[in-house]
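Let me begin by presenting the structure, written as structure tokens, before commenting on it.
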Number of protein chains: 2
Amino acid sequence: MQQPDLQYIGVRDDIAARIAGSEFKPGERLPSERQMQIGGGVARGTIREALFQLEAEGVIYRKDRSGWYVSPPPVVYDPTRWEGFMSYVEAQGRRPETETLSKVEIACDDMLAQIFSRPVGAPMYWIRRRRSIDGRAVLIESIIVDASLAPGLVEHDLDGSLTSVLKSVYGIGVARNKVDMQPCALTRDEAEALRVKSGLPGLSVIRTCYDAQGRVVEFDREYWRHDALKVSVDIRVR
Amino acid sequence: MQQPDLQYIGVRDDIAARIAGSEFKPGERLPSERQMQIGGGVARGTIREALFQLEAEGVIYRKDRSGWYVSPPPVVYDPTRWEGFMSYVEAQGRRPETETLSKVEIACDDMLAQIFSRPVGAPMYWIRRRRSIDGRAVLIESIIVDASLAPGLVEHDLDGSLTSVLKSVYGIGVARNKVDMQPCALTRDEAEALRVKSGLPGLSVIRTCYDAQGRVVEFDREYWRHDALKVSVDIRVR
DNA sequence: TCGCGGATTTGGTATAGACCAAAACGCTCG
DNA sequence: CGAGCGTTTTGGTCTATACCAAATCCGCGA
């Protein structure tokens with residue numbers, strides 16, 4: 001669409017090269033936007049255009065009003081493997097963390113009634129969690145569990161693997177897993193919980209878990225930072 | 001991170017509401033940026049900020065120097081189903097199209113040698129295609145095929161399903177399929193072929209196809225517009 | 001009617017300046 | 001040493017303006 005004679009592309013390439021050359025390492029902060037201006041006569045808007053570019057590429061990310069930082073590498077996620085976040089992040093040599101933001105009992109609404117094949121008003125648990133890797137929040141998730149299948153679930157500690165609690169305490173195993181993924185923009189609620197600017201690109205992962213009887217036991221909406229995740233699927237045909 | 005008292009959020013909501021209210025329908029062009037200014041005293045930069053927001057959300061897209069258009073709904077892609085682009089797009093009531101941009105024989109380089117387990121210098125075919133839905137280019141792909149397995153492949157018409165050509169002409173069936181997906185930014189080459197602004201967010205899909213003997217028969221890199229695709233996987237556990 | 005060419009419109013890039021709120025910093029005081 | 005509190009820095013938002021090149025539009029002429 002255009003050649004690299006554009007100024008902001010030049011600035012982008014410059015910063016990218018300095019990152020590639022390890023002048024700035026993953027997690028480190030870049031110089032401030034105004035500091036980057038000092039050398040050559042370039043407007044702050046142009047610097048910012050370059051930074052947005054690198055942000056879209058997943059090379060850098062920002063902390064609000066704090067600065068721009070070099071992105072760590074993404075973790076690999078395989079939706080066909082039946083492994084929880086804690087275990088696959090750890091297996092990749094990273095430090096996973098889960099915080100439960102809220103856990104409450106709610107009444108089944110129209111949408112949930114359809115998904116769970118349960119009557120409207122049936123008790124459900126709604127769990128919101130934030131998960132981090134190496135101290136950086138990478139996703140927030142909103143989980144719905146059928147309360148009749150797992151009574152008292154919210155009394156347990158849910159800062160670890162929910163799957164293993166369902167299995168060990170309630171004997172609920174998952175036989176089928178439906179996963180939808182779609183690039184999206186992080187809206188206000190998600191962005192706030194991830195402490196990022198609203199509108200930043202993300203990846204929405206929606207999972208529906210079924211038990212052996214075909215009942216829906218868990219419905220999970222995850223919103224990931226777009227630079228934190230790589231999806232990998234290995235399929236044997238027929 | 002902030003409340004909707006920001007001007008550009010207000011403009012965004014306004015445009016989004018008019019789209020939701022069908023004032024503008026999928027594929028239609030929005031008024032020009034300068035026209036949107038006329039009513040209330042708001043700078044063009046602010047209008048553009050709102051448009052970028054909607055673009056990130058996948059609600060609208062742009063044609064260079066032509067205008068902003070309402071996005072059509074995304075197509076659903078299931079990497080575990082062994083169906084080609086042409087068939088699943090058509091099955092969703094959309095009009096798929098494939099153009100072959102180039103097809104040449106190349107020598108196997110280091111990276112390809114490792115992927116295909118073939119000697120460096122071995123003949124390979126390199127096919128570049130652009131695929132569209134309802135007349136809008138949504139992905140460009142770069143395919144590598146082992147020439148020793150499919151001699152003369154590039155003589156065939158490849159504007160349809162490559163899979164079916166491999167199957168019917170060469171008797172090559174795919175037994176295993178490895179798919180990697182990652183949010184990315186479209187770089188200059190891809191962006192140019194898709195006629196979008198370089199740096200726009202996209203989804204990179206990398207597929208490696210193996211035959212029954214475990215040989216790699218096809219290596220495919222796809223770059224999708226981020227708003228054109230929804231990935232759906234349905235897995236039966238063990 | 002169709003093709004060509006010039007004028008117009010459009011988004012893309014860039015500058016310069018301004019103000020704000022949150023974050024980070026640094027100092028003082030207990 | 002630590003907590004609290006101003007000060008400074010930083011990114012976030014917004015205005016106004018300017019120029020460019022590509023896309024589009026429109027009218028003329030074959």
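The sequence lines fix the lettering, A, B, ..., with proteins before strands; numbering per chain opens at 1.
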Could you go through residues 36-50 of chain A and list every donor-acceptor pair under 3.5 Å that involves a side-chain atom there, pairing it with any protein atom two or more places apart or in another chain?
residue : atom : partner : partner atom : Å
A/Gln37 : NE2  : A/Val42 : O            : 3.1
A/Arg44 : NH1  : A/Glu33 : OE1          : 2.8
A/Arg48 : NH1  : A/Glu33 : OE1          : 3.3
A/Arg48 : NH1  : A/Glu33 : OE2          : 2.8

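Residues meeting the ring pair (Phe, Tyr, Trp, His ring centres under 6.0 Å) test with A/Tyr61, sequence neighbours left out: A/Tyr69. Residues meeting the salt bridge (charged side-chain N to carboxylate O under 4.0 Å, His left out) test with A/Asp14, sequence neighbours left out: none. Applying the salt bridge (charged side-chain N to carboxylate O under 4.0 Å, His left out) rule to A/Glu57 yields the partners A/Arg12; only residues at least two apart in sequence or on another chain are considered. When the ring pair (Phe, Tyr, Trp, His ring centres under 6.0 Å) test is applied to A/Tyr125, no partner is found at least two apart in sequence or on another chain. With sequence neighbours excluded, the residues forming a salt bridge (charged side-chain N to carboxylate O under 4.0 Å, His left out) with B/Arg130 are B/Glu99, listed by chain and number. For A/Tyr223, the ring pair (Phe, Tyr, Trp, His ring centres under 6.0 Å) test picks out no residue, with sequence neighbours left out. By the salt bridge (charged side-chain N to carboxylate O under 4.0 Å, His left out) test, A/Glu97 is found to be paired with A/Arg95, residues two or more places apart in sequence or in another chain being considered. With sequence neighbours excluded, the residues that form a side-chain contact (heavy atoms from CB on, under 4.5 Å) with B/Ser161 are B/Thr163, B/Ser164.
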Extract from the structure each pairing of a protein N or O with an N or O of nucleotides 18-21 of chain D at less than 3.5 Å, listing the distance.
none

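Between A/Gly41 and B/Ser66, the residue anchored closer to the 5' end of DNA chain C is B/Ser66, taking for each the nucleotide with the nearest heavy atom.
Out of D/dA23, D/dT15, C/dT13, the shortest distance to the side chain of B/Arg195 is found at D/dA23. In the set C/dG12, D/dC14, C/dT13, D/dC14 carries the atom at the smallest distance from any side-chain atom of B/Gln7.
B/Asp64 has its CG atom 12 Å from the C1' atom of C/dT13, to the nearest Å. Protein atom CD of B/Gln35 is 10 Å distant from nucleotide atom C1' of C/dT9, rounded to whole Å. Separating the NZ atom of A/Lys63 from the C1' atom of D/dT10 is a distance of 13 Å, rounded to the nearest angstrom. Put simply, CD on B/Glu55 is 13 Å from P on C/dG11, counting in whole angstrom units. Per the geometry, CE belonging to B/Met36 stands 11 Å off P belonging to C/dT10, to the nearest Å. Atom CD in A/Glu192 sits about 12 Å away from atom P in C/dA22, given to the nearest Å. In this structure, B/Ile9 places its CD1 atom 12 Å from C1' of D/dG12, rounding to the nearest Å. Taking atom CG of residue A/Leu30 and atom P of nucleotide D/dT10, one finds them 13 Å apart after rounding to whole Å.
No side-chain donor from either of B/Thr98 and B/Asp159 sits under 3.5 Å from a side-chain acceptor of the other. Counting only N and O atoms by type, the side chains of A/Ser232 and B/Asp180 include a donor and acceptor under 3.5 Å apart.
Annotation: side chain of B/Phe24 is in contact with side chain of B/Pro31 (closest heavy-atom distance under 4.5 Å).
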(request) Using Watson-Crick or G-U wobble pairs with both distances under 3.5 Å, give me DNA chain D in dot-bracket, 5' to 3', with [ ] for crossers and | for pairs to another strand. (result) ||||||||||||||||||||||||||||||

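For DNA chain D, the neighbouring residues in residues 45-53 of chain B, judged by any heavy atom under 4.0 Å, are B/Thr46.
Contact check, B/Gln37 against D/dA16: no side-chain N or O comes under 4.0 Å of OP1 or OP2.
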